[in-house]
Amino acid sequence: MQKREQSFGIQMLSVQPDTKPKGCAGCNRKIKDRYLLKALDKYWHEDCLKCACCDCRLGEVGSTLYTKANLILCRRDYLRLFGVTGNCAACSKLIPAFEMVMRAKDNVYHLDCFACQLCNQRFCVGDKFFLKNNMILCQTDYEEGLMKDGYAPQVR
């Protein structure tokens, strides 16, 4: 049976002065700091809850950590090590699992490759794009193609 990955929340808690100090799951010392982290049903110094790969402080990079193969990881390293990779629909090169992508139907693209495949115009947030015959087109090239095909789009 294969172990599945799990993501867990990280809580930052204020240490109450009248409570008994809790032991840190990372270093086994008492936590006397003003704040502590609670994750995996254990308590941690802020400096002790770190990614096993990049050593980043997990309380600073987000509110989630990932565990797999007895490792505690940040999201980026979890995806780098265990995430699914794929190929860009435009350039066919590998897209690492941690990289931001653009999607159009079943196609996935590098951010830099997400452009009109006729005129190479890059799209900005909010720009319209069209997917015709599995090609990404800007509005101008899409409408010109429709005109050549004998169909004029209605302007509203």
Side-chain angles (χ1 to χ4, degrees), residues 1-14 25-27 33 35-156:
M1 185 171 148
Q2 186 178 1
K3 276 190 174 179
R4 304 244 358 179
E5 85 288 338
Q6 292 188 332
S7 65
F8 295 92
I10 302 171
Q11 293 177 292
M12 179 173 276
L13 304 172
S14 179
C27 68
D33 302 345
Y35 296 99
L36 59 84
L37 298 176
K38 184 177 180 183
L40 304 171
D41 292 325
K42 298 175 184 173
Y43 297 97
W44 308 76
H45 289 106
E46 291 179 81
D47 286 337
C48 292
L49 187 59
K50 293 183 179 181
C51 174
C53 286
C54 70
D55 254 0
C56 71
R57 291 170 41 156
L58 293 171
E60 291 179 356
V61 297
S63 59
T64 305
L65 63 82
Y66 296 81
T67 63
K68 188 167 181 176
N70 293 324
L71 297 171
I72 296 175
L73 301 164
C74 66
R75 181 178 189 277
R76 179 181 170 97
D77 283 324
Y78 170 76
L79 290 174
R80 185 175 57 80
L81 293 171
F82 303 109
V84 177
T85 60
N87 292 336
C88 176
C91 72
S92 300
K93 292 182 182 171
L94 185 70
I95 302 174
F98 60 84
E99 192 170 302
M100 296 290 287
V101 297
M102 294 297 292
R103 295 181 186 275
K105 294 212 176 200
D106 294 332
N107 297 333
V108 182
Y109 302 87
H110 293 106
L111 291 181
D112 289 341
C113 294
F114 194 70
C116 177
Q117 291 176 308
L118 292 180
C119 70
N120 293 320
Q121 173 189 326
R122 300 243 350 249
F123 297 106
C124 297
V125 175
D127 286 351
K128 283 186 180 180
F129 70 91
F130 298 84
L131 194 60
K132 184 175 181 187
N133 299 330
N134 225 21
M135 284 180 57
I136 302 172
L137 301 172
C138 66
Q139 188 165 1
T140 303
D141 287 330
Y142 176 75
E143 289 174 356
E144 284 179 9
L146 290 178
M147 297 290 254
K148 289 178 187 171
D149 293 341
Y151 173 78
Q154 293 181 349
V155 179
R156 293 183 185 173

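- Taking each heavy atom of Cys119 and Cys138 in turn, the nearest pair found is SG-SG, 3.9 Å.
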Only distances under 3.5 Å count here; give the side-chain donor-acceptor pairs of residues 91-106 to other protein atoms, sequence neighbours excluded, each with its distance to 0.1 Å.
none

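- Taking every heavy atom of both residues into account, Cys74 and Cys51 meet most closely at N-SG, 3.4 Å.
- With contacts defined as side-chain heavy-atom distances shorter than 4.5 Å, the pair Leu71/Tyr78 does not qualify.
- Applying the ring pair (Phe, Tyr, Trp, His ring centres under 6.0 Å) test to residues at least two apart or on different chains, the pairs with a partner in residues 113-145 are Tyr109-Phe114, Phe114-Phe123, Phe114-Phe129, Phe123-Phe129, Phe130-Tyr142.
- Judged as a salt bridge (charged side-chain N to carboxylate O under 4.0 Å, His left out), and not counting sequence neighbours, the contacts of Asp112 are Arg122.
- With sequence neighbours left out, the salt bridge (charged side-chain N to carboxylate O under 4.0 Å, His left out) criterion links Lys38 to no other residue.
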Determine all donor-acceptor pairs shorter than 3.5 Å in which one atom belongs to a side chain in residues 53-62; sequence neighbours excluded.
residue : atom : partner : partner atom : Å
Arg57   : NE   : Glu60   : OE2          : 3.0
Arg57   : NH1  : Asp47   : OD1          : 2.4
Arg57   : NH2  : Glu60   : OE2          : 3.1

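- The backbone N or O of Leu36 lies less than 3.5 Å from no partner atom in the side chain of Trp44, so there is not a single donor-acceptor pair.
- Distance alone, capped at 3.5 Å, is enough to place a donor-acceptor pair between the Gln117 side chain and the Ile136 backbone.
- Under the salt bridge (charged side-chain N to carboxylate O under 4.0 Å, His left out) criterion, Asp77 pairs with Arg80, sequence neighbours left out.
- Leu40 has its side chain within reach of Leu65: a pair of non-hydrogen atoms, C-beta onward, lies under 4.5 Å apart.
- With a 6.0 Å radius and a threshold of 12 heavy atoms from other residues, nucleotides or ligands, Lys42 has its NZ atom at or below the threshold.
- Within the 4.5 Å cutoff, no side-chain heavy atoms of Thr67 are placed close to those of Leu73.
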